Amino acid sequence: KQISAYNIPVEEFKTDKIYDLIFVDAAKVQYPKYLEQFLHNLKKDGVIIFEVGEGQAGPVKEMLLAAGFAAVDTRLDTHGTERAVIGRMS
């Protein structure tokens, strides 16, 4: 498998490629827009991960569930704070 990493503003990232995994660490208030932007780039059983700050995991989890993700979970950082929200498409 090939890993592609892009360190550019999300708004500038445009592609028709399909990915197994997409990781987003950007302006949190723009996450709904970024999800809409990247849904067509995610494989049918793909995973998207959003980095979140303290207290932000709940709304991101709800956003992924509302978008039809089959499984949504969080991961904690070393301080016990929810730091990543992970969604898997069905």
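Along the sequence shown, residues carry numbers from 1. Not measured: the values here are computed from a predicted model. As a basis for the values below, the full set of heavy atoms in this structure was taken, side chains included, without hydrogen atoms, waters or symmetry mates.
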- Contacts of Arg75 that satisfy side chain to side chain donor-acceptor pair (under 3.5 Å) - sequence neighbours left out: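 For Arg75 the side chain to side chain donor-acceptor pair (under 3.5 Å) partners, ignoring immediate neighbours, are Asp73.
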- What pairs with Phe13 under ring pair (Phe, Tyr, Trp, His ring centres under 6.0 Å), at least two apart in sequence or on another chain? Tyr6, Phe38
Atom pairs and distances, donor-acceptor, side-chain atoms in residues 49-70, under 3.5 Å, two or more places apart:
unit_1 : atom_1 : unit_2 : atom_2 : d
Glu51  : OE1    : Lys28  : NZ     : 2.6
Gln56  : OE1    : Gly53  : N      : 2.4

- Item | Heavy-atom side-chain contact between Ile22 and Val24 under 4.5 Å | yes
- So do Leu42 and Met89 actually touch side chain to side chain, heavy atoms under 4.5 Å?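 Yes. Closest side-chain heavy atoms under 4.5 Å.
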- Message: Distance check, rounded to the nearest 0.5 Å: Ile3 atom CD1 versus Asp20 atom CG?
- Response: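 CG of Asp20 is found 10.0 Å from CD1 of Ile3.
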- Which distance, rounded to the nearest 0.5 Å, do you find between the CD1 of Ile48 and the CG of Leu39? 6.5 Å
- side chain to side chain donor-acceptor pair (under 3.5 Å): pairs with one or both residues in residues 81-90, sequence neighbours excluded: Thr74-Glu82, Asp77-Arg83
- Message: Once side chain to side chain donor-acceptor pair (under 3.5 Å) is applied, what residue pairs with a partner in residues 8-18 remain, sequence neighbours excluded?
- Response: Glu11-Tyr34
- Tell me whether Val47 is reachable from Phe23 by hopping between hydrophobic residues (I, L, V, M, F, W, Y) whose side-chain heavy atoms are closer than 4.5 Å. yes
